[in-house]
Amino acid sequence: MSETQQPSKAVLLDIYRIATLIKRADDRFIELIKAGQIASPYYSPRGQELIPAAISVNLKASDYVVTTYRGIHDQLAKGIPLKPFVAELLGRATGTCKGKGGPMHVTHVASGLPVTTGIVGAGLPIANGLAWASQLKGTDQVTVVNFGDGASNIGAFHEALNLAAVWKLPVLFVCQNNGYAEHTKYEYGTGAATIADRAIGYGIPGVEVDGNDAVAMWQAASAAVARARAGEGPTLLEANTFRFRGHLMGDDSHYIAKDEMAAAIAADPLPRFRAWLIAQGHASDGQLSDIEATNAAAFEEAVEYALASPYPDVSELAKDVVAEGAQA
Amino acid sequence: MSETQQPSKAVLLDIYRIATLIKRADDRFIELIKAGQIASPYYSPRGQELIPAAISVNLKASDYVVTTYRGIHDQLAKGIPLKPFVAELLGRATGTCKGKGGPMHVTHVASGLPVTTGIVGAGLPIANGLAWASQLKGTDQVTVVNFGDGASNIGAFHEALNLAAVWKLPVLFVCQNNGYAEHTKYEYGTGAATIADRAIGYGIPGVEVDGNDAVAMWQAASAAVARARAGEGPTLLEANTFRFRGHLMGDDSHYIAKDEMAAAIAADPLPRFRAWLIAQGHASDGQLSDIEATNAAAFEEAVEYALASPYPDVSELAKDVVAEGAQA
Amino acid sequence: MSTAAKKMNSAQAINLALHDAMALDESVVVLGEDIADREGGGVFKCTAGLSTKFGTGRVKSTPIAEQAIVGAAVGGALAGLRPVAEIMLMNFTTVAMDQIVNHAAKLRFMTGGQTHVPLVIRTTTGAGFGTGGQHADYLEAWFAHTAGLKVVAPATPADAYGLMLSCIFDDDPCIFIENLPLYFVPGEAPEPGVRVPIGKARIVQEGSDITLISYSKTLHDVIGVAKELAKEGIAAEVIDLRTISPLDMDTILASARKTGRVVVAHEAQVDFGVGAEISARLHKELFGQLKAPVARVGAARSPVPFSKPLEAAFVPTRERILAAIRETLN
Amino acid sequence: MSTAAKKMNSAQAINLALHDAMALDESVVVLGEDIADREGGGVFKCTAGLSTKFGTGRVKSTPIAEQAIVGAAVGGALAGLRPVAEIMLMNFTTVAMDQIVNHAAKLRFMTGGQTHVPLVIRTTTGAGFGTGGQHADYLEAWFAHTAGLKVVAPATPADAYGLMLSCIFDDDPCIFIENLPLYFVPGEAPEPGVRVPIGKARIVQEGSDITLISYSKTLHDVIGVAKELAKEGIAAEVIDLRTISPLDMDTILASARKTGRVVVAHEAQVDFGVGAEISARLHKELFGQLKAPVARVGAARSPVPFSKPLEAAFVPTRERILAAIRETLN
Ligand SMILES: Cc1ncc(C[n+]2csc(CCOP(=O)(O)OP(=O)(O)O)c2C)c(N)n1
Ligand SMILES: Cc1ncc(C[n+]2csc(CCOP(=O)(O)OP(=O)(O)O)c2C)c(N)n1
Ligand SMILES: [Mg+2]
Ligand SMILES: [Mg+2]
């Protein structure tokens with residue numbers, strides 16, 4: 001697939017739909033926390049929405065997406081159903097994980113979201129295993145694993161990329177480079193000029209892309225997904241982006257220079273993409289507003305469902321530790 | 001220091017002396033094992049002698065060398081005294097580690113050999129700590145850490161190189177690439193075209209060198225040591241070599257193609273270096289034979305010393321677990 | 001004394017201990033993720049101010065690379081430093097176990113005493129804040145099982161301060177276990193410079209009816225339960241272990257001899273946990289002398305759950321501690 | 001039966017179990033360093049022949065990267081495979097603890113039962129061959145402490161075979177602990193296809209005077225000691241635990257009830273080890289009924305030493321086992 005291929009209008013609108021659904025979810029979940037509806041650490045992906053939105057339109061339902069504590073954008077993009085999703089965020093029995101996982105660990109196997117890890121780097125070796133199974137079974141499934149710039153400095157990253165290269169696994173390693181690992185700025189923690197450069201050390205393609213540009217992101221993702229599907233092996237995709245709401249809710253981003261933050265906010269990818277869609281004639285303001293309204297309504301319905309759902313019974317502690325009937 | 005600088009005759013002869021001492025030690029230790037003087041796994045460095053020999057002539061006594069189970073070449077090159085060295089190989093109370101370490105873990109702090117690990121990759125992060133201490137104290141000490149090609153695929157390698165790069169530590173990471181990790185050929189385990197390439201991912205120099213060529217090895221090492229001493233940071237040096245005696249004593253190298261092995265043996269670096277020294281007029285056959293004889297005599301004296309030494313008393317089990325007087 | 005009246009929380013006490021140790025001895029160095037002031041002085045502020053005061057050579061923020069962190073601490077220790085490495089949360093020690101167990105713990109022995117590894121690994125953990133399955137485990141039993149390591153787990157700011165000083169100046173590796181919710185609980189301020197010895201338990205309150213042994217956050221629940229018991233006229237002796245390894249058997253045995261009844265409570269898993277070791281030793285040393293078997297209370301046999309009601313039931317609750325006490329008393 | 005007369009060592013038994021499981025179910029896959037035939041079928045030959053028979057898709061040699069190995073096994077298990085991952089030596093699990101403990105053990109629970117992780121981690125260990133401080137640790141207590149993991153440690157070829165089959169077809173992660181010296185010791189060949197249930201101890205010999213509990217290599221020393229005792233007319237009941245977690249308390253309790261005296265022996269460290277859990281449970285369940293306290297025998301409190309005389313004294317020797325028995329009998 002040539003990198004200059006253009007996404008169709010339908011694809012672009014789908015990306016917009018997904019990205020704005022993510023933004024809506026993020027805004028609302030923060031409101032719920034502030035309103036005291038749930039006490040939980042929360043890692044907002046605000047600013048990074050276009051990355052999974054532009055990837056996911058290249059994926060099938062049967063493809064796998066592995067993500068992290070900062071993962072609700074990846075989950076929503078993969079199509080997790082909203083009601084059990086929000087219920088999981090709120091720790092309810094009707095959540096995808098019966099409330100046992102929580103916001104840091106939302107999974108939904110039926111949506112191709114088997115693993116969401118809180119351990120930096122740990123998703124990458126597991127993604128290889130998912131991809132190995134696909135390779136063995138001869139399906140054309142692709143596994144996408146998301147992680148941050150900081151995660152590219154941990155051992156598991158290295159081991160996973162090398163193994164994937166040697167085994168030629170259908171994995172797309174997506175580094176969502178938001179410039180910071182917790183409070184540590186990229187260059188203070190990372191020796192590489194770009195994370196994409198590290199692909200050289202594994203003999204695989206390393207692609208740097210503007211993750212805040214929907215078209216570029218779609219092009220890079222579709223090429224890498226096609227490569228993986230064709231059995232040509234893994235790709236390391238570095239999607240540059242920014243993180244607007246700090247590492248963790250409550251973090252005031254004191255370690256980010258004011259002008260850096262201001263410039264990032266001025267370049268917020270969502271309004272930019274919206275304006276571009278209109279300017280290019282892909283959609284009218286009204287059409288996009290409709291999308292936003294539909295998202296909001298659907299999400300609200302899910303919030304209501306979740307809030308009305310019961311908490312899990314304490315007996316759940318003894319369940320799912322090992323197979324039913326076995327001794328833990 | 002320019003890479004085209006040439007080692008002096010004295011340096012070349014010192015390299016020869018060290019390399020042949022290593023070969024002597026290796027030959028004799030294998031004889032001792034075969035004679036039943038000691039039962040122990042043994043990882044021969046035969047074939048890799050020139051690497052530490054050519055590095056060590058650039059080092060000061062106060063510099064650190066960290067090595068592995070396959071490390072007697074590195075230890076001898078750093079100048080470990082022969083008697084307690086052999087005694088350690090034989091598990092005697094007079095050994096550098098009182099026999100507690102053994103052939104896989106010979107250390108000698110007074111010689112700048114504080115750590116010899118049996119865990120693949122584990123020496124690299126520790127080397128950073130030694131170098132950090134030197135950096136803090138403002139000495140110009142350099143830390144050399146040796147490891148294999150296989151070790152370059154483990155997480156600790158990655159974490160260590162990145163940290164050393166970010167902290168600009170005076171470390172020389174020496175990958176002794178003998179083409180095999182246990183029974184696994186380089187390309188079956190390693191995605192990188194060269195291990196030196198991996199340096200790109202840390203923004204540090206990566207240098208590939210023929211580790212079986214004393215002059216090239218010396219040039220590469222002296223440049224990297226000078227760089228570290230000058231506070232310019234770490235270097236990844238990939239020294240290509242071969243391992244003649246399998247992974248572990250008893251290994252018949254069945255996984256190495258016959259012609260590959262034959263070609264390697266035909267290119268044995270020691271006789272090649274010997275012939276070159278004579279051809280270049282750096283030494284006569286007799287001079288080199290004298291060096292060999294002196295090595296042999298010194299080593300034999302150490303063997304006798306070690307064989308006459310007692311085994312540690314069983315009470316040693318309770319010692320050195322924690323500081324004397326403290327409870328383990 | 002004026003300082004005795006002062007209050008301080010555990011995060012502040014740890015911070016103070018680090019300041020005092022660094023001021024006292026320039027070989028004390030600190031490293032970990034986000035610990036320098038440029039990065040905010042640690043996510044829980046335990047290292048705030050250190051890099052400003054002592055420089056970024058001695059106080060180093062690191063990449064996210066726990067093997068590199070502990071390895072650098074081990075190497076630094078071998079070269080004469082006294083590193084204090086922060087592993088942000090105890091679950092993250094799982095990626096650094098090789099450096100901790102195969103290296104820090106063993107190098108003194110494996111080098112026949114040529115070297116030693118005076119380092120402290122500070123780490124925090126504990127349920128209560130909804131951090132879920134991978135951020136709140138108590139793994140002290142693993143480290144206590146390993147020869148060559150010391151393991152401490154203070155429950156008060158003063159002990160956190162005093163044990164931190166002792167661990168930093170100890171010549172062997174110490175695992176220093178903090179508790180996330182306790183960071184924010186004020187307590188009596190420590191006396192400046194006063195070290196709490198490693199391996200010494202503290203009798204929190206004397207009593208003759210039953211011995212309650214605990215440490216870290218669970219201690220506070222045990223104290224709460226003991227207060228309830230007092231209202232019923234039951235006098236519990238409460239022991240804060242403070243050090244898990246080596247165990248202060250003198251204190252434990254003396255109390256158990258006196259009361260004849262012992263309950264051990266901790267937030268870690270019961271099975272193969274610290275309570276097992278204490279029980280095994282007590283039954284052996286006081287065979288036939290105990291009035292009831294040693295009871296153990298710990299977390300539910302599961303990973304840490306997210307959902308609030310589950311998390312609340314997961315930890316050793318006061319109800320469960322009380323139930324174990326009642327069973328032991330009868 | 002004809003097979004009963006056949007002999008086979010544990011390495012061969014494990015190899016046979018892997019063959020049989022792979023032949024039975026194509027979701028069984030194997031991975032680890034050097035395990036394919038191109039690399040010699042495993043450094044201890046436990047996987048010999050598998051890649052030739054079942055192909056290099058299902059039998060994969062890996063780079064030296066234990067996190068990648070266990071991670072691939074976890075991911076494979078999530079996607080419907082039954083991976084058997086080899087971690088060459090137990091000490092190397094220290095670099096993969098995150099994948100084992102934070103992931104394999106927990107994902108079933110953390111996903112609320114949406115997923116499960118049917119994998120086996122095979123690993124070997126044990127002193128005796130001069131492999132020194134970083135190649136011979138027994139770490140079973142760590143894994144047994146972790147909810148969600150099963151831990152087995154067979155002592156005979158037949159049990160190695162039968163437990164391997166059970167672990168492979170179990171739907172949760174199992175840590176399968178082999179012993180290096182035992183690989184080469186012949187024993188009765190297993191009955192083809194016969195699975196040994198997880199969680200069931202084996203009574204090696206019946207006896208009424210004392211219960212000796214052990215597993216893995218130490219079991220054989222215990223059996224040797226029991227034979228010596230028999231000459232003196234002391235009838236020891238010898239229990240091979242086979243599974244460390246979950247413990248077979250029915251068998252343990254029945255025997256302890258009968259004999260009233262128990263010694264637990266294992267090669268791991270005594271402190272915070274498996275013996276502590278057994279002791280704690282026995283004293284609790286049989287309070288006042290035991291005739292002597294449960295004795296524990298294990299390795300010296302040190303890392304594994306290299307030098308022969310030290311290594312020989314490090315392990316739980318027959319002398320130390322016997323001494324503990326005599327003390328328990330008196
Ligand atoms: C092994 C491990 N170490 C440390 C942490 C604590 N931690 C959680 S997120 C994070 C920063 C990760 O940064 P990055 O990879 O850039 O991802 P981002 O949060 O920016 O999306 C850290 C250090 C962890 N979860 N796991
Ligand atoms: C973490 C870890 N995994 C596996 C091993 C087993 N092992 C010992 S040496 C070795 C091969 C190392 O190969 P390489 O790094 O190329 O060094 P070489 O032996 O060739 O010098 C392996 C796999 C180990 N010691 N540590
Ligand atoms: Mg980031
Ligand atoms: Mg090699």
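A note on names: the letters A, B, ... follow the listed sequences, proteins ahead of strands, and every chain is numbered from 1. Here the structure is a predicted model, which is why all the values come from computation and not from measurement.
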(message) For the interface with chain D, which of C/Thr146, C/Val304, C/Leu286 has the highest count of heavy-atom pairs at distances below 4.5 Å?
(response) C/Thr146

(message) Rounded at 0.5 Å granularity, tell me how far CZ in D/Phe109 sits from CZ in C/Phe306.
(response) 12.5 Å

(message) Applying side-chain contact (heavy atoms from CB on, under 4.5 Å) to C/Gln134 and D/Met110, what does each step give before you reach the verdict?
(response) CA-CA 9 Å; C/Gln134 298 174 327; D/Met110 289 176 63; 3.8 Å; yes

(request) Check each atom of D/Glu285 against the heavy atoms of chain C and say whether the ones under 4.5 Å are side chain, backbone, both or neither. (result) neither

(request) Let me know if D/Val294 has heavy atoms under 4.5 Å from chain C in its side chain, its backbone, both or neither. (result) backbone

(message) Restricting to non-hydrogen atoms, name the atom on C/Asn91 and the atom on D/Lys106 that form the minimum distance, rounded to 0.1 Å.
(response) ND2-NZ, 3.3 Å

(request) Measure D/Ile244 against the heavy atoms of chain C and call it side chain, backbone, both or neither at under 4.5 Å. (result) both

(request) Write down the atom of D/Ser245, the atom of C/Arg301, and the distance for their closest heavy-atom approach. (result) OG-NH2, 3.9 Å

(request) Taking the side chain as every heavy atom from C-beta outward, state whether C/Asp137 and D/Asn102 have any pair of such atoms under 4.5 Å apart. (result) yes

(message) Under 4.5 Å from any heavy atom of chain C, what part of D/Phe272 do you find: side chain, backbone, both or neither?
(response) both

(request) Examine whether an atom of D/Thr93 lies under 4.5 Å from a heavy atom of chain C, and if so say whether it belongs to the side chain, the backbone or both; otherwise answer neither. (result) neither

(message) Does any backbone or side-chain atom of D/Arg108 lie under 4.5 Å from a heavy atom of chain C? Answer side chain, backbone, both or neither.
(response) neither

(request) Using heavy atoms and a sub-4.5 Å threshold, report which of residues 123-132 of chain C line up against chain D, by residue number. (result) none

(message) Quick check on D/Val274 against chain C: is it the side chain, the backbone, both or neither that has a heavy atom closer than 4.5 Å?
(response) both

(request) Could you tell me which portion of D/Leu139 (side chain, backbone, both or neither) has an atom closer than 4.5 angstrom to a non-hydrogen atom of chain C? (result) neither

(message) Parallel, tilted or perpendicular: which one describes the rings of C/His283 and D/His283, with boundaries at 30° and 60°?
(response) parallel

(message) Which atoms of C/Gln67 are under 4.5 Å from chain D, going by heavy atoms: the side chain, the backbone, both sets, or neither?
(response) side chain

(request) Name the region of C/Leu247, side chain, backbone, both or neither, that has any atom closer than 4.5 Å to a heavy atom of chain D. (result) side chain

(message) Please identify, among D/Leu290, D/Val270, D/Asp271, D/Ile100, the residue contributing the most non-hydrogen atom pairs under 4.5 Å to chain C.
(response) D/Asp271

(message) Checking side-chain contact (heavy atoms from CB on, under 4.5 Å) between C/His145 and each of D/Gln269, D/His145, D/Glu140, which is the one that passes?
(response) D/Gln269

(message) Using every non-hydrogen atom in the two residues, find where C/Gly273 and D/Glu277 come nearest and quote the distance to one decimal.
(response) N-OE1, 4.2 Å

(request) Heavy atoms only, distances under 4.5 angstrom: which of D/Ala144, D/Ala96, D/Ala141 has the most pairs with chain C? Name it, please. (result) D/Ala144

(request) With a 4.5 Å cut-off on heavy-atom pairs, point out which of C/Ala292, C/Ala300, C/Ser279 contacts chain D the most. (result) C/Ala292

(request) Could you list which of residues 320-330 of chain D have a heavy atom closer than 4.5 Å to any heavy atom of chain C, in residue-number order? (result) D/Glu327

